[in-house]
Novice: 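Submitted below is the structure of interest, expressed as structure tokens.
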Number of protein chains: 2
Amino acid sequence: MSANSRLTVAVHILSWMALVARKRADPVTSERIALSVNTNPVVIRRTLGLLHKAGLVRSHRGVNAGWTLAKSAAAITLRDVSAALEQEGPFGLHASPPNPGCPVGRGIQPALSRVYGSLDHLIQQHLARTTIEQVLADTLSMTPGSNGI
Amino acid sequence: MSANSRLTVAVHILSWMALVARKRADPVTSERIALSVNTNPVVIRRTLGLLHKAGLVRSHRGVNAGWTLAKSAAAITLRDVSAALEQEGPFGLHASPPNPGCPVGRGIQPALSRVYGSLDHLIQQHLARTTIEQVLADTLSMTPGSNGI
DNA sequence: CATAGATGTAACAAAAATGGTTACATCAAG
DNA sequence: CTTGATGTAACCATTTTTGTTACATCTATG
């Protein structure tokens with residue numbers, strides 16, 4: 001296991017849903033999605049819950065329940081997905097606060113916060129330039145034919 | 001504890017060394033640095049070891065041992081520091097590989113690798129624009145007077 | 001109206017990463 | 001040869017991440 005794979009899993013979920021939606025408008029189940037992602041359905045539902053809270057997907061209950069996209073794949077950017085996951089930025093400050101009796105210990109957190117803040121902004125901007133539709137197109141370009149979901 | 005604080009600690013170390021180096025060229029010990037960062041000296045030495053391997057600091061042994069900067073603070077960028085730490089990017093791929101029998105499972109890793117790769121490149125570029133000297137200046141701008149290290 | 005099949009969520013377990021700590025061999029100036 | 005620090009291994013505690021079991025809840029449909 002490396003870093004956190006949440007954005008990857010979320011994008012995978014949405015891309016798969018977008019592919020399926022090309023043929024059927026029916027809701028898809030977390031179990032079916034889990035087969036493609038290769039993990040437990042609850043893991044999928046947890047992520048779908050966050051995407052739901054962010055308004056990217058709709059959930060349907062009762063008989064014929066499951067999930068559908070709330071927007072077209074072209075209208076969902078990776079920034080939307082990343083924001084839905086409520087993750088922290090890549091760099092954190094000190095685990096325990098530095099020595100306030102030292103000028104460096106006193107001033108470095110605000111200084112680094114500015115650096116990390118603009119970095120976050122940059123990352124968001126970049127993620128906003130890619131949509132689920134683009135990821136799906138790029139993904140499918142590997143295997144021209146077949147679509148044995 | 002939040003995300004990983006390694007870049008923060010490394011930048012703190014180098015900034016503190018740069019501040020001290022303005023007055024004395026003598027090596028500083030990991031114990032003294034640890035007082036400013038507020039952690040264990042071994043944690044500092046671990047990070048200094050990586051910075052040493054990257055050629056950013058020099059280590060001195062025997063009597064009057066310690067560490068000195070190998071370059072001026074203006075010649076060390078946050079990209080240099082980040083690279084020295086050999087960390088992974090912010091986003092990882094799947095924890096366990098996705099279903100290769102599904103077109104999405106098959107193609108999404110290369111697709112996302114491209115996205116993450118260009119994102120990494122962007123982050124590196126941005127980090128390269130800030131030097132330790134700039135961070136130190138920004139850090140000290142908080143407390144104009146005093147320098148009770 | 002009962003049922004089937006799914007969501008939604010809590011609770012727990014396993015594994016990995018992170019930060020901290022102790023211990024100690026090694027080195028070189030004095 | 002002594003001293004004080006590096007360099008590194010080994011270990012522990014805490015947190016994070018992922019996976020799993022269990023179960024209450026909901027609703028189209030027979």
Side-chain angles (χ1 to χ4, degrees), chain A residues 1-10 12-13 17 25-35 37-54 57-68 70 85-99, chain B residues 1-10 12-13 17 26-35 37-54 57-68 70 84-99:
Chain A
M1 241 174 274
S2 61
N4 74 341
S5 62
R6 285 184 206 172
L7 182 62
T8 293
V9 169
H12 187 150
I13 290 172
M17 288 176 72
D26 296 337
V28 293
T29 68
S30 61
E31 193 179 345
R32 295 264 289 145
I33 302 174
L35 284 179
V37 179
N38 187 28
T39 184
N40 193 291
V42 176
V43 173
I44 301 297
R45 270 179 262 158
R46 271 206 287 250
T47 297
L48 280 168
L50 292 171
L51 299 178
H52 183 223
K53 203 163 76 169
V57 300
R58 270 191 277 267
S59 87
H60 307 269
R61 306 197 59 160
V63 173
N64 201 350
W67 308 80
T68 51
L85 302 181
E86 303 168 358
Q87 298 201 95
E88 296 179 2
F91 303 117
L93 295 177
H94 303 70
S96 42
N99 185 353
Chain B
M1 236 173 279
S2 60
N4 75 338
S5 62
R6 285 184 204 172
L7 182 62
T8 291
V9 169
H12 187 150
I13 291 172
M17 289 176 72
D26 295 337
V28 294
T29 68
S30 61
E31 193 179 346
R32 293 264 289 146
I33 302 175
L35 284 178
V37 179
N38 188 28
T39 184
N40 192 292
V42 176
V43 173
I44 302 296
R45 270 179 263 158
R46 271 206 284 249
T47 297
L48 280 168
L50 292 171
L51 299 178
H52 184 222
K53 204 163 75 170
V57 300
R58 269 191 278 266
S59 85
H60 307 270
R61 307 199 58 162
V63 173
N64 200 350
W67 307 81
T68 51
L85 302 181
E86 303 170 356
Q87 298 200 97
E88 296 179 2
F91 304 117
L93 296 178
H94 303 69
S96 42
N99 185 352

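In what follows, chains carry the letters A, B, and so on, assigned in the order in which the sequence lines appear, proteins first and then strands, with residues in each chain numbered from 1. For the numbers below, each heavy atom of this structure counts, side chains included, while hydrogens, waters and symmetry mates do not.
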Novice: Once you round to the nearest 0.5 Å, how far does CZ of R32(B) lie from CD1 of I44(B)?
Specialist: 13.0 Å

Novice: Using 0.5 Å steps for rounding, measure from the CD1 atom of I33(A) to the CG atom of N38(A).
Specialist: 14.0 Å

Novice: Just how far, in rounded Å, is C1' of dT18(D) from CG of L50(A)?
Specialist: 14 Å

Novice: Between P on dA28(C) and CG on D26(B), what's the gap in Å once rounded to a whole number?
Specialist: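 In whole Å, dA28(C) P and D26(B) CG are 19 Å from each other.
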
Novice: Are any of S5(A)'s side-chain N or O atoms less than 4.0 Å away from OP1 or OP2 of dT18(D)?
Specialist: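 Checking S5(A) against dT18(D): at least one side-chain N or O falls below 4.0 Å of OP1 or OP2.
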
Novice: Tabulated below should be each protein N or O lying under 3.5 Å from an N or O of nucleotides 2-10 of chain D; please produce it.
Specialist:
unit_1: dG4(D); atom_1: N2; unit_2: G62(B); atom_2: O; d: 3.3
unit_1: dT6(D); atom_1: OP1; unit_2: S30(B); atom_2: N; d: 2.9
unit_1: dT6(D); atom_1: OP1; unit_2: W67(B); atom_2: NE1; d: 2.8
unit_1: dT6(D); atom_1: OP2; unit_2: S30(B); atom_2: OG; d: 2.9
unit_1: dT6(D); atom_1: O2; unit_2: R61(B); atom_2: NH2; d: 2.3
unit_1: dG7(D); atom_1: OP1; unit_2: S59(B); atom_2: OG; d: 2.3
unit_1: dG7(D); atom_1: N7; unit_2: R45(B); atom_2: NH1; d: 2.9
unit_1: dG7(D); atom_1: O6; unit_2: R45(B); atom_2: NH1; d: 2.8
unit_1: dA10(D); atom_1: N6; unit_2: R46(B); atom_2: NH1; d: 3.4

Novice: N40(A) CG to dA13(C) P: how many Å, rounded?
Specialist: 16 Å

Novice: Please report, rounded to the nearest Å, how far the C1' atom of dT18(C) is from the CG atom of N4(A).
Specialist: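 The distance from CG of N4(A) to C1' of dT18(C) comes to 14 Å, rounded to the nearest Å.
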
Novice: Rounded to whole Å, how long is the line connecting atom CE of M17(A) with atom C1' of dT7(C)?
Specialist: 13 Å

Novice: Separation of E88(B) atom CD from dT17(D) atom P, in whole Å?
Specialist: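 Computing the E88(B):CD to dT17(D):P distance gives 13 Å.
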
Novice: Once you round it to whole Å, what is the distance between C1' of dT15(D) and CD of Q87(A)?
Specialist: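 Interatomic distance, CD of Q87(A) to C1' of dT15(D): 16 Å.
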
Novice: To the nearest 0.5 angstrom, please state how far the CG atom of L48(A) sits from the CD1 atom of I13(A).
Specialist: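 Answer for the CG-CD1 pair, L48(A) versus I13(A), is 4.5 Å.
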
Novice: In whole angstrom, what separates I33(A)'s CD1 from dG19(D)'s C1'?
Specialist: 17 Å

Novice: Has N4(B) got a side-chain atom pairing as donor or acceptor with R6(B)'s backbone, closer than 3.5 angstrom?
Specialist: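 No, the answer is negative, given that no donor and acceptor are paired below the 3.5 Å cut-off.
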
Novice: Can you tell me which residue pairs pass the side chain to side chain donor-acceptor pair (under 3.5 Å) test with a partner in residues 43-54 of chain B, sequence neighbours excluded?
Specialist: S30(B)-R45(B), K53(B)-E86(B)

Novice: Look only at the side chain of T8(B) and the backbone of G92(A), and say whether a donor-acceptor pair between them is shorter than 3.5 Å.
Specialist: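 Indeed, once roles are kept as given, a pair shorter than 3.5 Å links the two residues.
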
